[in-house]
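This is a predicted model, so every value here is computed, not measured. Each ligand, and each atom within it, is numbered from 1 in the order the structure gives.
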Amino acid sequence: MPYFCAMQLMDGKLASAAIKQKVAQLVQTRAAKGLKAPHLAAILVGTDGASETYVASKVKTCEELGFQSTLLRLDASTDEATLLQHIQQLNDNPDVDGILVQLPLPKHISEAKVIETIHPSKDVDGFHPVSVGRLVQGLESFIPATPYGIMLMLEHFQIPTTGKHAVVIGRSNIVGRPMSILLSSQLPYGNCTVTVCHSKTANLKELTLQADIIVAALGRPGFLTGDMVKEGAVVIDVGITRVPDASKKKGFAIKGDVDFESVAPKSSWITPVPGGVGLMTIGALMMNTLAAAERRS
Ligand code: GUN
């Protein structure tokens, strides 16, 4: 006999506003102690539309929270060596606390080399192998913004995780992999039993039907449908695919990996898209940048 539960929305606007307010207060506390504002340096190579939007929003949030920010815009034809030199200069600049190079990069530049050139103490994206290794070992580390934002969201809405079965769909370095590590860690809002699914998983629906918590991070709009979800599951949608939509001013709509209409009635908690996880990521980046500044001072 299925039981019916009232679905509750994990509203990213509410949760991210709370995080930003907390960070802004901590920046003021630093100022009162005579410590400098945290300084985030962002590098944008080329003019990809989505990347432009993300970087602009990161810079704007820096202003709102009292951070210092520097945006370095480089032409899409910039060669790898030049980009690495810019990163090195930011590594050596004692005023800069955090460095991020917006991904994806043009094909002729190695993302791995770029990530490894950022000094681990300034790696506020948490992509450097040192950061990933520290995260895996449960040491203090920078946590990549999307999984960190999801952990902050679970905390904000006080969603119990201990002993739950979490199914993470996707194994990317940016989301799925670190998410699976965090959910299985001993952190508050960890302690889950985690199954990581990906494009080669044979019996995906069988697994998602067993999940108390599902994190959908595969980048396929509307992939997770109601028939794949257990009654009462917590559903977290990481998808942000731009789908052409002539009725929108910009000509596209942002679609999540979850078919909200069929999944929401079965879930206990669900994140909307837009207005969910996406809004949390910048707050998480600001938390990392503040932490970087705190460690340096
Ligand atoms: N591209 C998509 N997500 C991210 C992110 O979290 N950081 C950076 N640097 N690039 C991205």
Could you list each nitrogen or oxygen of ligand 1 that sits under 3.5 Å from a protein nitrogen or oxygen, with the atom names and the distance?
residue: ligand 1; atom: 1 (N); partner: Gln102; partner atom: NE2; Å: 3.3
residue: ligand 1; atom: 1 (N); partner: Leu103; partner atom: O; Å: 2.9
residue: ligand 1; atom: 7 (N); partner: Asp125; partner atom: OD1; Å: 3.0
residue: ligand 1; atom: 7 (N); partner: Asp125; partner atom: OD2; Å: 3.3
residue: ligand 1; atom: 9 (N); partner: Val101; partner atom: O; Å: 2.9
residue: ligand 1; atom: 9 (N); partner: Asp125; partner atom: OD2; Å: 2.6
residue: ligand 1; atom: 10 (N); partner: Gln102; partner atom: NE2; Å: 3.4
residue: ligand 1; atom: 10 (N); partner: Leu103; partner atom: N; Å: 3.0

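Stacking of Arg295 on the aromatic ring of Phe142 is recorded, both the 6.0 Å distance cut-off and the 45° axial limit being met.
With Lys164 as reference, Ile213 is the one residue of Ile213, Ile159, Val234 to meet the side-chain contact (heavy atoms from CB on, under 4.5 Å) rule. Among Asp97, Val96, Thr289, Leu100, the single residue meeting the side-chain contact (heavy atoms from CB on, under 4.5 Å) criterion with Lys122 is Val96.
In this model, no donor atom of one side chain and acceptor atom of the other lie less than 3.5 Å apart for His39 and Ser69.
Follow the hydrophobic side-chain contacts under 4.5 Å out from Leu224 and you never reach Met10; the two are in separate clusters.
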Could you go through Asp259 and Thr225, starting from their C-alpha distance and side-chain angles, then the distance that decides it, and tell me whether this counts as side chain to side chain donor-acceptor pair (under 3.5 Å)?
CA-CA 5 Å; Asp259 177 42; Thr225 46; over 6 Å; no
